[in-house]
Novice: 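After the structure tokens below, expect a handful of questions from me.
Sequential numbering from 1 along the given sequence is applied to the chain's residues. All ligand and atom numbering here is 1-based and tracks the order in the structure. The structure presented is a predicted model; accordingly, all values stated were derived computationally and were not measured.
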Amino acid sequence: MNTPPKIWLSSPHMGGEEIKYIHEAFEENWIAPLGPNVTNFEIELQNTLYTNKEVVALSSGTAAIHLALILLGVERDDYVLCQSMTFSASANPIIYQGAKPVFIDSEEETWNICPIALEEGIKHCIALGKKPKAIIAVHLYGMPYKHTEIKALSEKYDIPVVEDAAEALGSKYKDEHCGTLGDISILSFNGNKIITTSGGGALICNTKALKDEAVFLATQAKDDAPHYEHSRLGFNYRLSNISAGIGRGQLQVLDQRVRQKGDIYNYYADALIDLPGIQFLNPLSHTLNNHWLSTIIVDPKLSNGITREDIRLALNEENIESRPLWKPMHLQPFYKDELYFGGTVSAELFENGLCLPSDTKIESNDLQRIVGIIKGLFK
Ligand SMILES: *Cc1c(COP(=O)(O)O)cnc(C)c1O
């Protein structure tokens, strides 16, 4: 028996123009370093985000978070508050800086950082005599976090927010684009994200001075001298001119990808909502979700014992990729000893949640097949 071709959770989907920008780079020998694609990618990204903020193209979202923490002065033994339910790359740069993560549970409406648990965490650190240096908040799966509430706490305690919008390019919170909501914001263009540069990221900040500092640090912190002189620790974190060319082509199809992701979500929601124990995270009225990944919660108490793992294995059997939701950082072996505030919201989401295939290259008969496999389990 032939295995059917693999269906991916979310794979790169080129628009067509990417190759043109790569050709230009080859013709002008702008293979390295930097070059016009990088400059233009930054400008085009600014336009995409409808912002006057400064954009710095970088080699990854992780690099962007690392630089954000450095720009905010995070140093050894400082506390940094971080949404627990996220990809590890949100939190790892805290450790790169020798600082201490304080993990915060999610709330149920957006699955993102819970304002109540966040304030508990802030107060705890202050009581220990050390006000946290930053709050890392994440828009999981394209669903904006509770920006109004988080910003209010940030202002009340004077702690800056690093907005991790790695999964949320194209999402909006009350007409403001995700990626412009933080004191410093970051994006990722990793291969599985809604658009990709094959690997890349961006940092979005408020002033030219901060941008200059980010670029300086991202290009090995070379002081102004004829030889290589370094008064600060540098990094090799800039995006290449070739990758930026891919990014320029990808930005042209971002709106199309957001529509396609929304169609995939709507298809699943219509087809599966009547199954007992299956729930969707409903978009909130004041937000636009890019639906990077379509997700469901499976409650075995209502689904006749069917679990998200049963669904994952049934899909896997047919060469279809699905994946549990992010495992919270406070439950990860590496982070098990760190401070944590909140209850069991994120733990339960991980227990019962599944990301369904959300590849924009997916055919409608594949979506039908996926829904058929899931419905088959409920027969
Ligand atoms: C992908 C991702 C990152 C890291 O981005 P890279 O470009 O892969 O380094 C950070 N945070 C979240 C929430 C992500 O999903």
Novice: Could you please provide the protein residues found below 4.0 Å of ligand 1 on a heavy-atom basis, arranged by chain and number?
Specialist: S60, G61, T62, T86, F87, A89, S90, V138, D164, A166, E167, S188, N190, K193, G200

Novice: Assess the residue pair D212 and K208 against the criterion (salt bridge (charged side-chain N to carboxylate O under 4.0 Å, His left out)); give the C-alpha distance rounded to whole Å, side-chain angles, the decisive distance to 0.1 Å, and a yes or no.
Specialist: CA-CA 6 Å; D212 290 346; K208 179 75 169 45; 3.0 Å; yes

Novice: For the ring-ring contact (aromatic ring centres under 6.0 Å, His included) test, which of Y265, Y267, Y268 pairs with F280?
Specialist: Y265

Novice: Distance alone, cut at 3.5 Å: any donor-acceptor contact between the side chains of H139 and Y173?
Specialist: no

Novice: Less than 3.5 Å apart, any donor N or O on the side chain of T110 or K146 sitting next to an acceptor on the other?
Specialist: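 No pair is found: no donor N or O on one side chain lies under 3.5 Å from an acceptor on the other.
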
Novice: Quick one about D164 and Y145 (side-chain donor to acceptor, distance below 3.5 Å, no hydrogens or angles considered), yes or no?
Specialist: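 Not at all, the side chains of Y145 and D164 share no donor-acceptor pair under 3.5 Å.
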
Novice: Does a side chain donor of either E348 or T344 reach within less than 3.5 Å of an acceptor in the other side chain?
Specialist: yes

